[in-house]
Amino acid sequence: MKKYDFSTIEKKWQELWEKHQVFEAKTDPSKPKYYVLEMFPYPSGRIHMGHVRNYTLGDILARVKRMKGYNVLHPMGWDAFGLPAENAALKHGVHPAKWTYDNIAYMKNQLKKLGFSYDWRRELATCDPGYYKFEQRFFIEMYEKGLAYRKTSLVNWCSSCHTVLANEQVEDGGCWRCGTEVTYKEMEGWFLRITAYAEELLKELDELEKYWPERVIVMQRNWIGKSEGAEIKFFLPEIGEDLIVYTTRPDTLYGATFISLSSEHPLAQRLAEKKGLSQALAEFIDKVRKERREIETGMAEKEGLFLESYAIHPLTGEKLPVYVANFVLMEYGTGAIMCVPAHDQRDFEFAKKYNLPIKIVIQPEGINLNPEDLEEAYEKPGIMVNSGPFTGLPSIEGKSKITAYLEEKGVGRKKITYRLRDWGVSRQRYWGCPIPMVYCDKCGIVPEKLENLPVVLPTDVQIDFTGRSPLPLLSDFVNTTCPKCGGPAKRETDTFDTFMESSWYFARFACPDYPEPFNPEDIHYWLPVDQYIGGIEHAILHLLYARFFTKVLRDLGYFKINEPFKNLLTQGMVIKETYKCPVHGWVYPEEVSPEGRCLKTGCGQEIIVGKFEKMSKSKCNVVDPDVMIKKYGADTVRLFISFAAPPEKDLEWSDHGIEGAYRFLKRLYHLVLEYTEALKEIEYSSEEFKNLDPKLVPLRKKLHKTVKKVSEDFEKRLRFNTGIAAIMEFLNLFQDYLKEIDLNDMMHKKLIKECLKKVVLLISPVCPHLAEELWQELGKKTFISCERFPDYEEAWLVDETYMLVVQVNGKVRDQVEVSVEATPEELEAMIKERQKVKKYLEGKQIKNVVFVPKKLINFVV
RNA sequence: GCCGGGGUGGCGGAAUAGGUAGACGCGCUGGAUUCAGGAUCCAGUGGAGAUACCUCCGUGCGGGUUCAAGUCCCGCCCCCGGCACCA
């Protein structure tokens, strides 16, 4: 028997696919298109199992859609700018460009070995000036529309990466990449006005809700954080100016007993000066900055500084003391709040600490709150009290009534606020896209001329051991001429956040060689992406930025679409069991004895079998895709990874599990080969099966049901695990039927041929190399990758008989095979006489009989 | 605290429309083959009791609706993820 020689088979078909350009996509408006995209990888050096899973899921879908007659675009590229390249340069003395391109070459080879059906002609790397020059152009166009601007702000700073981080890149107070604690620094930098699109980004989520995972929608909604409230003016007599506060609870206005400002608030400074408190305020600001970490996480105790000033309540005329408070953020709302201790927990705590009055203005129904014995703020709705003309109103109504009243009197207005902040895109890094701006002493900030783009990142540089960007030191780069006046000027030396590149790459894939950013013919045909697949870790960052860019590019006239990704699938992580030794920490599986002891020299401690965790080098639980491909072949790896769990769930890597997948493919291979000689010349047409041997009819029916099931699971539900299970189930049944098969009978042979052909077609999106090989063995001259997905015949899906489940009082008591044509009356009469049923009915009165066609009959006694 | 998602055999997971819970795979048990191991093949495999038929229990816990609930409703517990002084 011929051995299943996967390595020869896989190499053979990979070469043939490439030679015959099988997966090249061409714009063709006469055909329906389907754009499958997986999140492109950062070229870190080697692909990991997470990539294998992501790209296998995408590849199965791309292959299914191709077989279903779609013109499929399935590209791959490299998110090639980023910090690790600089770190590698530092550590190994390799230039970031060389390191990056070497990694790309290696990883591309790995992807090819997995047999993914990419159109490699469209490959792009974001560090290529031919790519990023358009990004520079978009930025200049945004600048001209007022969507990009420069400002000084307090930024998140990672001292280890020597760069600024966006709010989205701070996780639990640490840098999202290296985990170093983030500090705050005042810096100037470029911002994109994503807040201008806040409302549209939020609103469009209602539509996306049908096609995107709910949790992603929820995360984005929270991130945008829309709130409706009011801005209210409080007059400051000391300086003769109005202070504007933002509140979502105008209904509690009469309960305001003091005012708090952010320490960064400009009016705080002015009031402090007036009262000779500048020194105290400066100290307070300093303290707040130092404690910002604790403040942001809600850990710091509330603290304030009384400015010895008062604000006039716009409706009562009362004098309210003005404080600066450490918990008031300058970046949100107006940086100033009215404080209602009775109905806001934060204000309550502050008031208690500084002995400020508490005034109740909302009473819950049936309870009478007293300021003296209040233990926490009452934040829920109720009936308004002590609220002048509004007393007696439900607080829900009071919100809009008070706001309207304020508007009428000119001391306030309705206001919508978003939590979303503008996107800071400046990074003090070398390995990134240069920001195409020039600083001229005479003309100020001037964008580079479009015809001078790209501003090329100089590659002839030495990476300094401090890890700082070499760009500011490169006089050839820095010194330039002003695009406006031609005089001497200096270049911007910051580079873009790398999320810029990934915000529009999906569109460039439609026309990667076009001399302009986009060829309208191509992008209007291919966009949007029909199915986007990637990790949940990008639920906010990347997906929100890409949505924002899409809207901007639409408004700049490039796109016609509003949203970049129609359907989104967020696949789970690949996780594996971990082992921990009490002495040595995490250990490799090879370092654990069969008795569960540590095998490190002289150790012998009992190993703690840990949780399944995301594969990582530090936890010693990684499985290298290369090793698996070598041992089992790409088809087995693809099969296991798409079978072991539904796509959106975490997948537990199992060494036994992959053995099972391998076993299945060997079985399939040998089964087909066993018959290929006898079947080579056999052809069949569906009409011929009308005279099929009755004992084989159930087999053909199962075949057609399986085709239907797999078709739905693979194409519509994206549940590859159940689709594959259905194929396995059919093959099990098929093998049972082999005893019945007579190879001298022509009809039998035709049926076997049909079964094998269809099974091979069904499995082909998952295991394409093996499928191509078996297709050839079955006498076919075409690529199975270019074949049509099998059809099923409706007539063969229906059964003449079925197993009727018999219940008595809802409990299963019997099963009978019955004809679909039998009437309920006939069935009832027949079943009552059956022994198994009879004993439950004897001596009982039948109260009701429930009959569910083709399913069950239930006697209620 | 708020917002999502989830809890099904020894394990990963099925059950798409309220209708046989446990498909498929792993593991395990027994058998065949083999000098032996591995590989392969066959049979069994939710639990308890009877081991011939069969009976009872069973989808996190407690109630409910229904002829019928893993699935719907109410209350609770636990796990995972996100957000969290955003006024």
Side-chain angles (χ1 to χ4, degrees), chain A residues 1 213-223 225-227 229 245-249 252 260 262 294-302 325-329 331-340 343-347 349-350 379 417-421 536-537 539-540 612 639-640 643-646 648-661 663-664 666-667 670 709 712-713 716-717 719 721-732 735 803-815 835-836 847-861:
Chain A
M1 195 166 37
E214 192 178 344
R215 54 183 182 148
V216 176
I217 300 281
V218 169
M219 279 191 237
Q220 292 215 352
R221 275 204 187 112
N222 289 344
W223 193 263
K226 180 177 180 172
S227 79
V245 304
Y246 174 70
T247 180
T248 54
R249 295 293 304 274
T252 64
S260 291
S262 161
E294 288 75 35
I295 290 168
E296 289 236 317
T297 51
M299 302 302 279
E301 200 185 326
K302 293 189 176 36
N326 63 351
F327 65 93
V328 181
L329 309 171
E331 303 82 27
Y332 185 78
T334 60
I337 58 171
M338 65 174 203
C339 296
V340 186
H343 305 294
D344 182 289
Q345 187 58 27
R346 296 157 296 181
D347 300 346
E349 286 166 30
F350 194 87
E379 298 184 327
T417 301
Y418 300 89
R419 209 187 73 117
L420 182 72
R421 318 261 157 91
I536 187 75
E537 64 273 22
I540 301 171
F612 278 83
L639 178 66
F640 173 70
F643 173 68
E648 62 282 359
K649 275 194 73 163
D650 285 351
L651 181 147
E652 293 184 6
W653 186 267
S654 149
D655 296 331
H656 288 299
I658 193 160
E659 290 276 355
R663 218 154 30 222
F664 174 76
K666 278 194 288 192
R667 188 153 70 96
H670 292 129
K709 164 91 178 142
E712 279 164 6
D713 283 354
K716 301 268 154 50
R717 293 178 71 212
R719 298 286 286 224
N721 55 328
T722 52
I724 293 165
I727 299 172
M728 291 174 167
E729 196 182 333
F730 174 75
L731 211 72
N732 291 344
Q735 286 196 304
M803 283 307 252
L804 180 73
V805 171
V806 184
Q807 294 181 340
V808 179
N809 282 350
K811 293 200 168 187
V812 180
R813 296 303 181 189
D814 198 5
Q815 305 183 17
Q835 260 191 352
K836 285 185 179 174
K847 280 200 286 193
N848 190 16
V849 179
V850 182
F851 180 74
V852 184
K854 295 194 182 175
K855 286 253 157 69
L856 59 77
I857 189 162
N858 187 10
F859 294 93
V860 185
V861 297

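Numbers restart at 1 for each chain; the letters A, B, ... are given by sequence-line order, proteins then strands.
Across the C1' atoms, B:rA23 and B:rC76 are found 33 Å apart, a figure rounded to whole Å. Comparing the C1' positions of B:rU45 and B:rC80 gives an interatomic distance of 31 Å, to the nearest angstrom. Separation of the C1' atoms belonging to B:rA17 and B:rG70 is 15 Å when rounded to the nearest angstrom. Across the C1' atoms, B:rA39 and B:rG13 are found 27 Å apart, a figure rounded to whole Å. Straight-line distance between the P atoms of B:rG6 and B:rC72: roughly 10 Å, to the nearest whole Å. Separation of the C1' atoms belonging to B:rU65 and B:rG75 is 15 Å when rounded to the nearest angstrom. Distance check on atom C1': B:rG47 versus B:rG10 gives 12 Å, rounded to whole Å. Spacing between B:rU71 and B:rG64 at atom C1', rounded to whole Å, works out to 15 Å.
Of the candidates B:rC67, B:rG25, B:rU40, the closest approach to any side-chain atom of A:Arg667 belongs to B:rG25. Side-chain proximity of A:Ser227 to the nucleotides B:rC67, B:rA87, B:rU20 is greatest for B:rA87. The side chain of A:Met728 approaches B:rC24 more closely than any other nucleotide in the set B:rG19, B:rC83, B:rC24. Considering only side-chain atoms of A:Tyr246, the nucleotide from B:rC83, B:rG19, B:rA87 that sits closest is B:rA87.
Applying the 90° cutoff around 0 to the glycosidic angle, B:rG9 is assigned syn.
Distance CD (A:Gln815) to C1' (B:rG19): 13 Å, rounded to an integer number of Å. The distance from atom NZ of A:Lys855 to atom P of B:rA15 is 14 Å, rounded to the nearest whole Å. Whole-Å rounding puts the A:Ile857 CD1 to B:rU20 C1' distance at 15 Å. Between the P atom of B:rC83 and the CZ atom of A:Arg221 lies a distance of 17 Å, rounded to the nearest Å. We find that CD1 of A:Ile727 is positioned 12 Å from P of B:rG25, with the value rounded to whole Å. Between A:Phe640 atom CZ and B:rG25 atom C1' there is a gap of 9 Å when expressed in whole angstrom units. The interatomic distance linking A:Gln735 (CD) with B:rC24 (P) rounds to 13 Å, in whole Å. One atom, CZ of A:Phe851, and another, C1' of B:rU20, lie 15 Å apart when rounded to the nearest Å.
OP1 or OP2 of B:rA68 has not a single side-chain nitrogen or oxygen of A:Arg813 nearer than 4.0 Å. At B:rG25, one or more side-chain N or O atoms of A:Asn732 fall inside 4.0 Å of OP1 or OP2 (strictly under the cut-off). Dashed line: the shortest gap from a side-chain N or O of A:Arg663 to OP1 or OP2 of B:rA39 is not under 4.0 Å. OP1 or OP2 of B:rC57 has at least one side-chain nitrogen or oxygen of A:Lys811 nearer than 4.0 Å.
Here CG of A:Leu856 is found 5.0 Å from CD of A:Gln807. Values are rounded to the nearest 0.5 Å. Rounded to the nearest 0.5 Å, atoms CZ (A:Phe643) and CZ (A:Phe664) are 9.0 Å apart. Going from atom CD1 of A:Ile337 over to atom CG of A:Leu329 covers 9.5 Å, rounded to the nearest 0.5 Å.
The closest donor-acceptor contact from the side chain of A:Arg249 to the backbone of A:Glu379 lies under 3.5 Å. A donor-acceptor pair is defined here as one N or O able to donate and one able to accept, closer than 3.5 Å; such a pair exists between the side chain of A:Asn326 and the backbone of A:Glu301.
Aromatic pair A:Phe612/A:Trp653: centroids not less than 6.0 angstrom apart.
Pairing of B:rU66, defined by two Watson-Crick or G-U wobble distances under 3.5 Å, is not identified with any nucleotide. Remark: B:rU51 base-pairs with no nucleotide; criterion is Watson-Crick or G-U wobble with both hydrogen-bond distances under 3.5 Å. Remark: B:rU45 base-pairs with B:rG27. Criterion, Watson-Crick or G-U wobble with two distances under 3.5 Å. Summarising the base pairing, B:rG9 is matched to no nucleotide, lacking a Watson-Crick or G-U wobble pair whose two defining distances lie under 3.5 Å. When both distances must be under 3.5 Å, the Watson-Crick or G-U wobble mate of B:rG38 does not exist. Searching all strands for a Watson-Crick or G-U wobble partner of B:rC85 with both distances below 3.5 Å returns nothing.
Of all heavy-atom pairs spanning A:Gly229 and A:Tyr246, the tightest one is N-OH, 3.5 Å.
Between A:Glu331 and A:Arg419 there is no salt bridge, since no side-chain N of the basic residue sits under 4.0 Å from a carboxylate O of the acidic one.
Mapping A:Leu856 and A:Gly657 onto RNA chain B by nearest heavy atom places A:Leu856 at the nucleotide closer to the 5' end. Mapping A:Tyr418 and A:Asn222 onto RNA chain B by nearest heavy atom places A:Asn222 closer to the 5' end of the strand.
As judged by a 4.0 angstrom heavy-atom cut-off over every strand, A:Glu712 is placed among residues making no nucleic acid contact. Counting non-hydrogen atoms under 4.0 angstrom, A:Gly225 reaches nothing in the nucleic acid. Contact annotation for A:Val860: backbone-only contact, meaning every heavy-atom pair under 4.0 Å involves sugar-phosphate atoms and none involves a base.
Results of the side-chain contact (heavy atoms from CB on, under 4.5 Å) test with A:Val849 over A:Val860, A:Asn858, A:Ile857 single out A:Ile857 as the only residue that passes.
Side-chain atoms of A:Lys302 and base atoms of B:rC85 include a donor and an acceptor less than 3.5 Å apart. A donor-acceptor contact under 3.5 Å links the side chain of A:Asn858 to the base of B:rC67.
A cation-pi arrangement, defined by a distance under 6.0 Å to the six-membered ring centre and an angle within 45 degrees of its axis, is present between A:Lys302 and A:Phe327.
In this structure the side chain of A:Thr252 reaches within 4.5 angstrom of the side chain of A:Met338, judged on heavy atoms.
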For this session: Report, as a single string ordered 5' to 3', how protein heavy atoms within less than 4.0 Å touch nucleotides 4-14 of chain B: B base, S sugar-phosphate only, - not at all.
Result: SS------SSS

